[in-house]
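Step one of this worksheet: look at the structure below.
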Amino acid sequence: MKKYDHKKIERKWQKFWEQKKSFAAKDFDNKKKYYALVEFPYPSGDGLHVGHVRSYAALDAVARYKRMDGYNVLYPIGFDAFGLPTENFAIKHKIHPRVAVDKNIKNFTRQLKALGLSYDWDRMVDTTDPKYYKWTQWIFLQLYKAGLAVRQEIPINWCPSCKTGLANEEVINGKHERCGTEVTKKLLKQWVIKITKYADRLLLDLALVDYPERVKTQQINWIGKSEGAEIVFPIVIPARAGIQSSGSRTARASLVASGMTENIQVFTTRADTLFGATYLVVAPEHPVVASYLQSQPHTHGVWNLHEVKEYVEKTLKKNDILRTAEDKEKTGVELKGLRVKNPLTGEALPVWTADYVIMGYGTGAIMAVPAHDERDYAFAKKFKLPIKPVIEPVTGIPAEKEEKKEAIVAVVRDSKTKNVLMLDWGPRQANWGGMLFIGGGVEAGESDLVKVAQREIAEETGYTQVSFIGQANIPVNNHFYSNVKNRHYVARMHGLLFELKGGSQTGLKLDSGEHGKFKLAWVPEAKVVAMVSDPGHALIYRLLTSGDVYTGEGTMVNSGKYSGLTSEEGRRRVTQDLEKQGAGKQTVSYKLRDWIFSRQHYWGEPIPIIYCPDHGEVPVPEKNLPVLLPKVKKYEPTDTGESPLAGIKAFVNVKCPICKKPARRETDTMPNWAGSNWYFIRYADPKNAKEFASRRKMDYWLPVDLYNGGMEHTTLHLLYSRFIYKFLYDQKLVPNPEPYARRRSHGIILASDGRKMSKSFGNVINPDDIVGEYGADTLRMYELFIAPFDQMVPWADRGVVGVYRFLMRVWNFYQSNQAKIIASNPLFPGGRGSGEAEKAVHKLIKKITSDLLDMKFNTAVAAFMETINKFEELENIPQGVAERYLILLAPFAPHMAEEIWQEVLGHKKSIHTKEWPKHNEKYIVEDTLKIVIQVNGRTRDIIMVPVDLPQNKIENQALASLKVEAQLQGKTIVKTIYVKGRLVNFVIK
RNA sequence: GCCGCGGUGGCGGAAUUGGCAGACGCACUGGACUCAAAAUCCAGCGAGCGCAAGCUCAUGAGGGUUCGACUCCCUCCCGCGGCACCA
């Protein structure tokens with residue numbers, strides 16, 4: 001028997017496939033195409049990670065399966081090699097990034113080839129190849145021409161020690177990753193890509209694609225669409241501000257001179273709370289603040305310029321992390337003297353600036369409604385600003401005919417035990433009964449709610465020694481049914497909290513219907529929430545005990561003509577009315593920010609723009625692309641805050657393409673994401689020198705049918721590349737609106753200690769070692785086997801051995817002559833065998849095919865194991881069965897399958913060109929059924945019956961079972977449940 | 001805090017979507033082979049009671065729906081991931 005020499009076998013077939021170009025994708029085949037894509041790796045100095053292998057092996061299995069199933073498959077690979085890691089690697093090892101990339105790509109290529117992945121190597125791309133990044137620059141120019149690439153002064157992360165701008169990726173916990181200095185914000189002119197213009201389509205078109213739900217929701221949340229209204233608050237200067245009245249020329253003139261606008265626009269999703277706005281807050285970066293500071297103090301009297309200036313400066317120094325992660329204590333300062341007018345009420349409101357309002361969202365200004373917003377509430381409490389409730393919650397379900405009443409709900413807490421007094425009205429019915437607090441109507445003539453509540457407490461519980469603690473800030477309108485009165489009510493319930501001071505009780509004084517209907521119950525605090533059965537009572541309890549602000553919807557109050565409307569209707573009406581008077585409009589706001597595209601680093605694509613003293617920004621003419629990254633000796637970041645390219649005269653100095661006068665090149669480079677945005681398009685036509693890809697080839701190959709990559713790219717690469725593709729689609733340059741029809745993500749592989757694999761922990765598994773010891777087939781199959789594909793899982797050395805043992809058994813099985821039996825069988829002409837083996841292989845075909853389509857690789861591998869176990873039990877395996885098993889295995893263990901196929905079974909052509917087998921249900925169907933017999937839902941016996949046995953016969957057989965008989969002793973059968981072909985269940989009493 | 005995902009033997013995980021809980025693999029135990037070990041092969045392997053047939057308990061906790069719940073509903077606890085003053 002031949003030994004399994006994985007090294008020899010794997011090397012042999014890898015060479016064979018490479019020489020024959022077995023897996024090259026043909027452009028324009030008459031077969032159906034299938035484009036399987038894995039995120040191309042970043043060729044780091046550490047080499048391939050076992051995490052890469054998981055993704056690549058999985059899609060390799062799919063790609064190989066699809067080829068065998070008759071598809072023309074494109075399964076390409078390339079390298080994403082620009083960016084910081086390489087630059088840092090180069091600096092650390094004192095070699096040029098170009099050299100480092102070439103070296104790393106070579107190493108990665110060797111490792112990938114040793115895994116026997118069926119890539120079409122002729123289509124390999126490298127984002128740092130000028131022939132490639134020419135088109136990355138070209139795409140940038142298209143964005144520029146469309147007005148989507150613009151230069152803006154934007155606050156960026158800034159390292160004051162290195163004097164350089166930083167990418168977000170370089171900021172770790174608020175510190176510069178290289179020097180540890182705290183990062184600040186600095187205004188710099190940056191290239192910005194207007195991805196926000198596509199926010200809505202990026203959101204809507206998620207409906208067109210098959211992505212995992214969590215990927216979709218993560219993108220939806222990231223885009224963060226909120227529908228709301230923009231409301232215009234005109235700025236007024238009140239008379240008491242000093243010298244001049246609001247119409248005063250002097251005051252106005254000063255404001256206008258300082259650039260002050262006529263009004264402040266706010267964004268809100270709750271226009272229904274406009275009557276509850278008691279002040280305005282603008283972000284410290286808001287232009288109103290700047291104009292306020294520039295205005296002339298002596299004309300304005302009470303202006304507190306100094307204080308405002310100090311606050312703004314302090315805030316701007318903080319970076320985002322400090323500003324948000326710092327204690328949540330609200331800070332802010334009033335822009336004294338400045339007032340705005342509520343456009344609907346005419347009420348004058350003060351204006352504050354506070355860092356809890358951020359410039360980047362909405363309009364950078366809000367109307368504060370402290371009664372119905374937690375942040376505004378906290379701010380108003382701290383600075384003693386008025387709080388005005390304008391929404392009352394509504395609970396319960398309205399009935400057609402209901403009586404209105406004012407009511408109280410009293411929560412009584414024992415001062416010692418902290419238990420809460422509840423009334424137990426028996427089991428909860430549809431809208432009455434259950435556990436409630438003490439409640440009662442306010443009767444005519446009663447005005448003091450505390451007295452009303454004390455009266456009700458005494459009447460219903462007899463307790464008189466209760467002291468008032470507090471009242472809920474808003475009443476709850478509760479629709480309910482009174483069983484006692486047999487009537488529907490809507491009660492405006494005021495919540496009051498009491499403490500019991502003494503246990504003495506007087507006689508109860510109940511309404512006629514109340515006698516004996518309820519019991520008193522002292523409920524521990526922790527259980528109250530779970531026990532209270534009425535939603536209105538539950539809400540009151542929350543308002544009373546947690547001090548929560550009511551931020552939900554409800555019915556409008558204290559809102560003039562809008563009072564009584566629901567929140568939803570109120571929002572519509574208020575917005576409409578504002579629109580009519582030109583004081584507002586319906587609008588939409590997104591959390592998504594524009595994409596900062598400039599990096600002050602050497603190792604990236606130069607941005608193809610020239611600055612001319614006469615013509616300003618001039619794009620590099622397309623015929624002059626690529627703008628080559630110059631070869632330099634020094635590529636370390638400078639300490640001037642400019643890209644290292646700025647110091648290279650031969651690069652910087654250039655003639656203006658329009659007037660030929662001396663001009664300067666842009667010296668910033670593009671971020672890492674630029675090259676990876678569109679690489680999957682290039683695979684369709686990787687060598688094209690005239691276009692980024694030919695339209696015909698794109699029409700054939702795109703979109704990607706299956707794209708696998710990491711979860712960590714969901715809101716970066718995945719979103720960016722969707723955006724770029726949509727942009728190209730709008731330019732009529734690519735054929736579809738979405739680049740990836742189906743997206744899947746693999747879980748990361750942790751080290752066996754459960755931590756992340758990391759050189760510093762010394763727990764890294766190198767794929768080379770596993771390939772060396774057990775072979776690529778074992779490594780690939782192991783990684784598919786360990787866990788569901790999308791789940792994170794720790795590495796287990798022993799698990800590798802398990803898969804290796806399995807492959808050894810497969811090897812030995814085919815080496816023995818067990819697999820070459822039965823030439824023909826009378827029942828199955830054509831050399832196919834009958835019975836168990838045939839059934840097993842048909843089941844396997846079905847299982848493997850559906851698992852490949854569903855990406856359930858772990859259960860597919862288990863099925864291979866199960867089937868080989870079965871084969872070993874059986875005496876004879878027909879050759880046809882053995883061959884089909886091997887064909888199914890080919891996408892998973894391609895080397896071993898090929899070796900056995902050609903060397904042991906003597907076939908002349910590669911197994912990977914063999915057609916994928918089809919299963920036939922008729923071989924799978926069992927001729928006897930296993931019927932589970934249950935008594936009261938518990939399995940008591942299992943019987944085997946012929947498939948065609950009718951129900952009554954099955955039931956009779958079930959009854960005849962001795963084990964069932966034992967259960968039936970002295971009981972009667974109430975009901976018999978039969979589930980076709982599956983079980984009989986006797987319900988007995 | 002909000003959103004999403006998850007919790008099943010000693011471990012990684014199966015379970016046709018409401019119908020035999022624990023497939024497959026690892027670890028472990030016993031046996032065969034061996035002078036011995038490794039490798040390999042055979043058998044066992046959720047817990048408790050029992051000589052056994054078998055019975056009882058068991059899918060994070062508690063409740064509910066159902067003839068029947070890992071699966072559906074409610075409440076809670078824990079873990080992971082994302083977002084985080086987004087008005």
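Convention: sequence-line order gives letters A, B, ...; per-chain numbering from 1.
RNA chain B is contacted by both A:Ile942 and A:Thr268; A:Ile942 maps to the nucleotide lying nearer its 5′ end (nearest heavy atom per residue). Each of A:Gly802 and A:Lys856 was matched to the nucleotide of RNA chain B holding its nearest heavy atom; the match closer to the 5' end belongs to A:Lys856.
For A:Lys330 against B:C85, a side-chain-to-base donor-acceptor contact under 3.5 Å is present. Counting atom types as modelled, A:Glu374 pairs no side-chain N or O with a base atom of B:G1 as donor and acceptor under 3.5 Å.
Regarding A:Met781, its CE atom lies at a distance of 15 Å from the P atom of B:C24, rounded to whole Å. When the C1' atom of B:G81 is taken as reference, atom CD of A:Glu712 falls 12 Å away, rounded to whole Å. Residue A:Tyr782 contributes atom OH, which lies 10 Å from atom P of B:G13 at whole-angstrom precision. Separating the NZ atom of A:Lys843 from the P atom of B:U16 is a distance of 15 Å, rounded to the nearest angstrom. The interatomic distance linking A:Glu866 (CD) with B:U16 (P) rounds to 14 Å, in whole Å. What separates CD of A:Gln218 from C1' of B:G82 is a distance of 5 Å, to the nearest Å. One interatomic measurement links the two molecules: CD of A:Gln934 to P of B:U66, which rounds to 17 Å at whole-angstrom precision. Between the P atom of B:G25 and the CD1 atom of A:Ile786 lies a distance of 16 Å, rounded to the nearest Å.
One finds no side-chain N or O of A:Thr715 lying less than 4.0 angstrom from the OP1 or OP2 phosphate oxygen of B:C83. Contact annotation: A:Arg938 does not reach the phosphate of B:C67 (side-chain N/O to OP1 or OP2, under 4.0 Å). Here A:Arg798 reaches the OP1 or OP2 of B:A27: one of its side-chain N or O atoms lies under 4.0 Å away. Proximity of A:Gln791 to the phosphate of B:G6: no side-chain N or O atom is located under 4.0 Å from OP1 or OP2. For the OP1/OP2 pair of B:A21 and a distance below 4.0 Å, the side-chain nitrogens and oxygens of A:Thr939 include at least one atom meeting the criterion. Between A:Asn985 and B:U66 there is no side-chain N or O to OP1 or OP2 distance below 4.0 Å. Dashed line: the shortest gap from a side-chain N or O of A:Arg805 to OP1 or OP2 of B:C26 is under 4.0 Å.
Among the protein residues, A:Arg593 comes within range of the nucleic acid bases, having at least one heavy atom under 4.0 Å from a base atom. A:Lys975 comes within 4.0 angstrom of sugar-phosphate atoms only, judged by non-hydrogen atoms across all strands, and of no base. Using a 4.0 Å heavy-atom cutoff across all strands shown, A:Asn858 reaches sugar-phosphate atoms only and no base atom. When heavy atoms are screened at a 4.0 angstrom cut-off, A:Met808 is found touching no nucleic acid atom at all. Heavy atoms of A:Thr976 sit nowhere under 4.0 angstrom from any nucleic acid atom. Counting any heavy atom pair closer than 4.0 Å across all strands shown, A:Pro788 reaches sugar-phosphate atoms only and no base atom.
Here B:C83 is the nucleotide among B:C24, B:G4, B:C83 with the atom lying nearest to any side-chain atom of A:Lys591. Proximity note for A:Val979 (side chain, C-beta onward) versus B:G12, B:G19, B:C41: the nearest is B:G19. Candidate nucleotides B:G4, B:U56, B:C85 were compared by shortest atom distance to the side chain of A:Arg214, and B:G4 ranks first. Of the candidates B:C55, B:C85, B:C3, B:C3 carries the atom nearest the A:Asn221 side chain, counting heavy atoms from C-beta on. Distance from the side chain of A:Ala787 is smallest to B:G13 among B:U16, B:G4, B:G13. You'll find that the side chain of A:Tyr361 is closest to B:A87, out of B:A87, B:C24, B:G12. Side-chain proximity of A:Thr859 to B:A87, B:A15, B:U16: nearest is B:A15. Closest to the side chain of A:Phe785, from the set B:C83, B:C55, B:C24, is B:C24.
Exactly one residue among A:Phe806, A:Tyr774, A:Tyr804, A:Trp795 makes a ring-ring contact (aromatic ring centres under 6.0 Å, His included) with A:Tyr782. That residue is A:Trp795. Partner of A:Arg270 under the side chain to side chain donor-acceptor pair (under 3.5 Å) criterion, chosen from A:Asp272, A:Thr268, A:Thr273: A:Asp272. Of the listed residues (A:Asn263, A:Val266, A:Val351), just one forms a side chain to side chain contact (heavy atoms under 4.5 Å, CB included) with A:Val340, and that residue is A:Val351. For the side chain to side chain donor-acceptor pair (under 3.5 Å) with A:Asn708, the qualifying choice from A:His746, A:Arg743, A:Arg744, A:Arg54 is A:His746, the only one to do so. For the pairing with A:Phe871, the ring-ring contact (aromatic ring centres under 6.0 Å, His included) check across A:Phe864, A:Tyr885, A:Tyr814 returns one residue only, A:Tyr885.
To the nearest whole angstrom, the two P atoms, one in B:G64 and one in B:U71, are 14 Å apart. Of the C1' atoms belonging to B:G25 and B:C33, the separation is 25 Å, rounded to the nearest Å. Nucleotides B:C2 and B:U75 are separated by 13 Å at their P atoms, to the nearest Å. Taking the C1' atoms as reference points, B:C78 lies 28 Å from B:C85, given to the whole Å.
Base orientation of B:G64: anti (glycosidic angle beyond 90° from 0). Base orientation of B:U65: anti, since the glycosidic angle falls outside 90° of 0.
Taking the six-membered ring for Trp and the full ring otherwise, the centers of A:Tyr279 and A:Phe383 sit at least 6.0 Å from each other.
In this structure, a donor-acceptor pair under 3.5 Å is present between the side chains of A:Thr331 and A:Tyr311. Remark: the A:Tyr4 side chain and the A:Asn812 side chain contain no N/O donor-acceptor pair separated by less than 3.5 Å.
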*Just the dot-bracket of RNA chain B, please: which string comes out with Watson-Crick or G-U pairs under 3.5 Å, [ ] for crossing, | for another strand?*
(((((((..(((......[....))).(((((.......))))).((((....))))..(((((..]....))))))))))))....

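The closest donor-acceptor contact from the side chain of A:His713 to the backbone of A:Leu718 lies at 3.5 Å or more, if one exists at all.
A cation-pi arrangement is present between A:Lys330 and A:Tyr356 under the rule of less than 6.0 angstrom and at most 45 degrees off the ring axis.
Under a cut-off of 6.0 angstrom, the local environment of NZ in A:Lys381 is sparse, with at most 12 non-hydrogen atoms contributed by other residues, nucleotides or ligands.
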